[in-house]
Amino acid sequence: MDKAMMRMVEVFKTNVQEVAISTMLIQKLLDRFKADKISFDLEDCDKVLRVEGDNFSPDEIIESVNSFGYNCEILAY
């Protein structure tokens with residue numbers, strides 16, 4: 001499979017606690033990045049943010065979430 005055609009999936013640990021905040025962040029991230037699907041799992045102890053798409057920068061996702069005052073880091077597998 002061509003690397004340019006590879007689908008990216010990245011999982012981040014955050015400190016987002018509220019559904020309203022997660023909804024706002026999802027919309028802001030979808031507006032800014034070429035991602036097909038962005039979701040939070042606030043039930044998980046790591047408050048997981050999952051981003052799926054064809055071409056996005058994990059570092060820019062982290063910077064964007066941080067810019068709204070929330071912690072975000074790549075979740076180690």
Side-chain angles (χ1 to χ4, degrees):
M1 179 181 249
D2 185 332
K3 185 173 177 118
M5 299 296 288
M6 290 179 59
R7 184 161 182 78
M8 295 177 60
V9 176
E10 195 64 69
V11 181
F12 303 88
K13 176 180 179 178
T14 75
N15 66 340
V16 174
Q17 301 285 327
E18 300 171 23
V19 172
I21 298 300
S22 69
T23 301
M24 179 274 296
L25 287 171
I26 289 169
Q27 190 57 56
K28 296 292 186 186
L29 293 170
L30 285 170
D31 288 347
R32 181 167 178 202
F33 300 101
K34 293 181 181 179
D36 297 326
K37 184 176 179 185
I38 300 176
S39 62
F40 274 91
D41 181 355
L42 300 182
E43 299 296 318
D44 188 276
C45 65
D46 290 321
K47 309 304 182 197
V48 170
L49 166 62
R50 179 182 171 100
V51 181
E52 297 179 46
D54 294 326
N55 189 21
F56 62 87
S57 165
D59 289 338
E60 289 180 2
I61 298 282
I62 291 169
E63 289 173 15
S64 186
V65 173
N66 289 166
S67 75
F68 288 98
Y70 295 93
N71 296 331
C72 183
E73 62 189 66
I74 292 176
L75 184 62
Y77 291 75

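Here, residue 1 is the first one in the sequence, and each next residue gets the next number.
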Would you indicate whether the side-chain heavy atoms of [Y] and [X] approach each other to under 4.5 Å?
X: Y70; Y: N15; answer: yes
X: F40; Y: L25; answer: yes
X: D54; Y: K34; answer: no

Pairing residues for I38 by the side-chain contact (heavy atoms from CB on, under 4.5 Å) criterion, not counting sequence neighbours: I26, L29, L30, A35, L49, V51

With sequence neighbours excluded, residues passing side-chain contact (heavy atoms from CB on, under 4.5 Å) with I74: E10, F12, P58, I62

Selection residues 56-77 - residue pairs positive for salt bridge (charged side-chain N to carboxylate O under 4.0 Å, His left out), sequence neighbours left out: none

Summary of side-chain hydrogen bond (donor to acceptor under 3.5 Å, both in side chains) pairs that have at least one residue in residues 21-31, sequence neighbours excluded: Q27-D31

Looking only at heavy atoms, which two atoms of [X] and [Y] are closest? And how far apart?
X: V9; Y: E52; result: CG2-CG, 3.9 Å
X: V48; Y: L75; result: CG2-CD2, 4.1 Å
X: N55; Y: M8; result: CA-SD, 4.0 Å

D36: side-chain hydrogen bond (donor to acceptor under 3.5 Å, both in side chains) partners, not counting sequence neighbours: R7

Which residues share a salt bridge (charged side-chain N to carboxylate O under 4.0 Å, His left out) with R32, sequence neighbours left out: none

Those residues that, when tested against D46, pass salt bridge (charged side-chain N to carboxylate O under 4.0 Å, His left out) (two or more places apart): K13

From CA spacing to verdict: side-chain contact (heavy atoms from CB on, under 4.5 Å), F33, S64: CA-CA 10 Å; F33 300 101; S64 186; 4.0 Å; yes

